[in-house]
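Input: a single structure, listed below in structure tokens.
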Amino acid sequence: QVQLVESGGGLVQAGGSLSLSCAASRSYFSRNAMAWYRQTPGKQRELVATITSGGSTNYADSVKGRFTISRDNAKNIVYLQMNSLKPEDTGVYYCNIFGTPFWGQGTQVTVSS
């Protein structure tokens, strides 16, 4: 059974930082690319960042230079470090085994102005 469990969301003022974590089932983690998405009310789920099994990363233009995705293959965890947060970063952030229908439950990030 695939399990993805996110943690680390919360409320932060604009300009602040948050770090998200996603713990994944070991058998599905090490050989798969991982991704973070976010969703705000009334909008489609947006791809924020991806990281391959080898550590290559890609980011949405809206978060480049502010967010960093990383992974610890020994611990089966993928991280999203979010700096210089803006109110428009507010949303529910989801972890995903990239390209698969496996999602975490989501964690709320709220950035106040």
Side-chain angles (χ1 to χ4, degrees):
Q1 184 179 0
V2 179
Q3 284 191 316
L4 298 170
V5 180
E6 299 105 334
S7 60
L11 173 64
V12 65
Q13 287 189 331
S17 298
L18 281 174
S19 182
L20 306 182
S21 300
C22 171
S25 305
R26 178 171 52 189
S27 61
Y28 288 91
F29 185 83
S30 61
R31 62 180 182 268
N32 285 282
M34 300 294 295
W36 285 97
Y37 286 77
R38 67 185 178 194
Q39 189 161 24
T40 54
K43 292 186 179 181
Q44 286 190 327
R45 197 168 289 188
E46 173 191 18
L47 178 61
V48 174
T50 61
I51 185 166
T52 67
S53 57
S56 296
T57 58
N58 274 294
Y59 299 93
D61 287 343
S62 58
V63 306
K64 277 182 183 175
R66 301 188 297 120
F67 289 13
T68 302
I69 188 171
S70 61
R71 64 191 295 161
D72 186 333
N73 288 336
K75 295 181 179 179
N76 304 321
I77 298 177
V78 60
Y79 303 96
L80 186 68
Q81 177 65 41
M82 305 183 293
N83 298 327
S84 302
L85 282 161
K86 304 176 181 179
E88 51 264 43
D89 294 318
T90 294
V92 179
Y93 283 69
Y94 296 91
C95 176
N96 168 252
I97 300 175
F98 192 54
T100 76
F102 302 124
W103 298 86
Q105 82 285 359
T107 185
Q108 177 70 44
V109 171
T110 303
V111 184
S112 64
S113 57

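Since this is a predicted model, take the numbers as computed values, not measurements.
Between Val92 and Gln108 the shortest heavy-atom distance is CG2-OE1, 3.2 Å. Looking at every heavy atom in both residues, Leu80 comes nearest to Ala49 through CD1-CB, 4.3 Å. When all heavy atoms of Ala14 and Ser113 are compared, the pair lying nearest together is CB-CA, 4.4 Å. Taking every heavy atom of both residues into account, Gln39 and Gln44 meet most closely at NE2-C, 4.3 Å. Closest approach of Gln81 to Ser17, counting heavy atoms only: NE2-CB, 3.9 Å.
No single ILVMFWY cluster, assembled from side-chain heavy atoms under 4.5 Å apart, contains both Tyr79 and Phe67. The cluster map of Ile, Leu, Val, Met, Phe, Trp and Tyr, joined by side-chain heavy atoms under 4.5 Å apart, puts Ile69 and Val5 in different clusters. Clustering ILVMFWY residues whenever any of their side-chain heavy atoms sit less than 4.5 angstrom apart, transitively, puts Val78 in the very cluster that holds Phe102. No single ILVMFWY cluster, assembled from side-chain heavy atoms under 4.5 Å apart, contains both Tyr59 and Tyr37.
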task = Please test Thr40 against Arg38 for side-chain contact (heavy atoms from CB on, under 4.5 Å), starting from the C-alpha separation and ending with a verdict.
result = CA-CA 7 Å; Thr40 54; Arg38 67 185 178 194; 5.7 Å; no
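In this structure the side chain of Ile77 never reaches within 4.5 angstrom of the side chain of Arg71, judged on heavy atoms. Using a 4.5 Å heavy-atom threshold, the side chains of Glu88 and Ser62 count as separate. The shortest distance between side-chain heavy atoms of Met82 and Val63 does not fall below 4.5 Å.
At least one donor-acceptor pair under 3.5 Å links the side chain of Thr90 to the backbone N or O of Val111. Between the side chain of Asn96 and the backbone N or O of Gly104, no donor-acceptor pair lies under 3.5 Å.
Taking CG of Leu18 as the start and OG1 of Thr107 as the end, the distance is 9.0 Å to the nearest 0.5 Å. Remark: Leu85 CG to Gln13 CD distance equals 11.5 Å, nearest 0.5 Å. Atom-to-atom distance recorded for Phe98:CZ and Ser53:OG is 13.0 Å, nearest 0.5 angstrom. Note that OG1 of Thr68 and CG of Asn83 are 6.5 Å apart. Values are rounded to the nearest 0.5 Å. Put simply, CG on Leu20 and CH2 on Trp36 are 4.5 Å apart, with the number rounded to the nearest 0.5 Å. The line from SG of Cys22 to CD of Glu6 is 5.0 Å long, rounded to the nearest 0.5 Å.
Of the charged side-chain nitrogens involved, none lies within less than 4.0 Å of a carboxylate oxygen, so that Asp89 and Lys86 do not count as a salt-bridged pair.
Between Tyr94 and Trp103, the ring-plane angle classifies as perpendicular under the 30° and 60° cut-offs.
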